[in-house]
**Student:** 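Before anything else, here's the structure in question.
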Amino acid sequence: MFIQTESTPNPATLKFLPGQAVLEMGTADFPTSDTADGSPLATRLFGVDGVEGVFFGTDFVTVTKAEAVEWDHIKPALLGAIMEHFQSGQPVMAADHTPTSGHAAHEGEDGEIVGQIKELLDSRVRPAVAQDGGDITFHGFDRGIVYLHMQGACAGCPSSTLTLKMGIENLLRHYIPEVTEVRPIA
């Protein structure tokens, strides 16, 4: 098994490409080790000292490290953990994991606008940020403001504010006049 690695715009995050499917569909975010119970692979990765976050896409694993830790020190252990996991035959996610679109549900009068926002995110934004090892999902819409949740490499990325304001906000405002601003949520 050969695992490729790619840097991301976030210097604290590295993208691992195991050359096979990680998730059949959707994404899975584990921002802390406490959230990794539903995934044998995430649990294994959090076993490496210095790992602060794990994120899965359909064909990649993104790992976020602590600021005080150097990639040169933990990258070999992470590659080993990923390789051991896939060779073990264990599932990436526990059997009770149900993949979701990642978008929050929206109830109310703005249903048509929210549908357009989600469609643009799915068709234009999410494929691009997946290339960088992350994901951006819809969290809410209120009086012209779109709230988005950033995951994986996008969470804590120095360029995420620029991506939100110059990229996503401009895109959404262009296609959906009701959108006035885009804000991240924690």
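Remember, predicted model here, so these are calculated numbers, not experimental data. Start at 1 with the first residue, then count along the sequence. Just so you know, these numbers use all the heavy atoms, side chains as well, and skip hydrogens, waters and symmetry mates.
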**Student:** Tell me, please, which residues at least two apart from Phe30 pass ring pair (Phe, Tyr, Trp, His ring centres under 6.0 Å).
**Tutor:**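 Here the qualifying residues are Phe56.
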**Student:** If you define the side chain from C-beta out and look only at heavy atoms, does anything of Lys75 sit under 4.5 Å from Leu79?
**Tutor:**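 Yes. Closest side-chain heavy atoms under 4.5 Å.
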**Student:** To the nearest 0.5 angstrom, please state how far the CG atom of Leu148 sits from the CD1 atom of Ile168.
**Tutor:**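 CD1 of Ile168 is found 6.0 Å from CG of Leu148.
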**Student:** Name all residues meeting the side-chain contact (heavy atoms from CB on, under 4.5 Å) criterion together with Thr180; count only those two or more places apart in sequence or in a different chain, and write none if there are none.
**Tutor:**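 Thr180 satisfies side-chain contact (heavy atoms from CB on, under 4.5 Å) with Ile145 once adjacent residues are dropped.
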**Student:** If you take all heavy atoms of Tyr175 and Pro177, which pair is closest and at what distance?
**Tutor:**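 Reported closest heavy-atom pair: O-CD, 3.7 Å.
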**Student:** Kindly indicate whether the side chain of Val92, heavy atoms from C-beta on, has any atom under 4.5 Å from the side chain of Leu23.
**Tutor:**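 Val92 reaches Leu23 side chain to side chain.
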**Student:** Please evaluate residues Asp49 and Val69 with respect to the criterion side chain to side chain contact (heavy atoms under 4.5 Å, CB included), reporting the C-alpha separation (whole Å), side-chain torsions for both, the decisive distance (0.1 Å), and the verdict.
**Tutor:** CA-CA 9 Å; Asp49 282 340; Val69 177; over 6 Å; no
**Student:** Under the salt bridge (Lys or Arg N to Asp or Glu O under 4.0 Å) rule, what pairs show up with a residue in residues 143-155, not counting sequence neighbours?
**Tutor:**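 Passing the test, one end in residues 143-155: no pairs.
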**Student:** Under the criterion side chain to side chain contact (heavy atoms under 4.5 Å, CB included), I'd like the reasoning laid out for Val22 against Phe55: C-alpha separation, chi angles, the key distance, then a yes or no.
**Tutor:** CA-CA 10 Å; Val22 176; Phe55 180 80; over 6 Å; no
**Student:** Applying salt bridge (charged side-chain N to carboxylate O under 4.0 Å, His left out), can you list everything that pairs with Arg124, at least two apart in sequence or on another chain?
**Tutor:**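 Partners of Arg124 by the salt bridge (charged side-chain N to carboxylate O under 4.0 Å, His left out) criterion come out as none, since no residue qualifies.
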**Student:** Which pairs count as side chain to side chain donor-acceptor pair (under 3.5 Å) when at least one residue sits in residues 60-72, sequence neighbours excluded?
**Tutor:**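 Applying side chain to side chain donor-acceptor pair (under 3.5 Å) to every pair that reaches into residues 60-72, excluding sequence neighbours, yields Thr13-Thr64.
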**Student:** Here's a test for you: under side chain to side chain contact (heavy atoms under 4.5 Å, CB included), which of Leu171, Val146, Ile117 qualifies with Ile176?
**Tutor:**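 It is Ile117; the other options fail the test.
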**Student:** Pro18 and Ile82: which non-hydrogen atoms are nearest, and at how many Å?
**Tutor:**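 For Pro18 versus Ile82, the nearest heavy atoms are CB-CG2, 4.3 Å.
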**Student:** Who pairs with Phe60 by ring pair (Phe, Tyr, Trp, His ring centres under 6.0 Å), at least two apart in sequence or on another chain?
**Tutor:**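 Checked Phe60 against ring pair (Phe, Tyr, Trp, His ring centres under 6.0 Å); zero matches.
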**Student:** Taking salt bridge (charged side-chain N to carboxylate O under 4.0 Å, His left out) as the definition, give me every residue that meets it alongside Glu6, ordered by chain and number, with sequence neighbours left out.
**Tutor:**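 Here the qualifying residues are Lys15.
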**Student:** Under the side chain to side chain donor-acceptor pair (under 3.5 Å) rule, what pairs show up with a residue in residues 30-43, not counting sequence neighbours?
**Tutor:**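 Sorted result for residues 30-43: empty, none.
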**Student:** Taking side-chain contact (heavy atoms from CB on, under 4.5 Å) as the test, write out the residues that go with His149, two or more places apart.
**Tutor:**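 Checked His149 against side-chain contact (heavy atoms from CB on, under 4.5 Å); matches are Asp29, Thr137, Gln151, Ile185.
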**Student:** List for me each residue that meets salt bridge (charged side-chain N to carboxylate O under 4.0 Å, His left out) alongside Glu84, sequence neighbours excluded, and say none if there are none.
**Tutor:**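 Glu84 satisfies salt bridge (charged side-chain N to carboxylate O under 4.0 Å, His left out) with Arg44 only.
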**Student:** List in chain and number order the residues that pass salt bridge (charged side-chain N to carboxylate O under 4.0 Å, His left out) with Glu52, two or more places apart in sequence or in another chain; answer none if no residue qualifies.
**Tutor:**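 Applying salt bridge (charged side-chain N to carboxylate O under 4.0 Å, His left out) to Glu52 gives none.
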**Student:** Apply side chain to side chain donor-acceptor pair (under 3.5 Å) to Ser88 and list each qualifying residue two or more places apart in sequence or on a separate chain.
**Tutor:**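 Checked Ser88 against side chain to side chain donor-acceptor pair (under 3.5 Å); zero matches.
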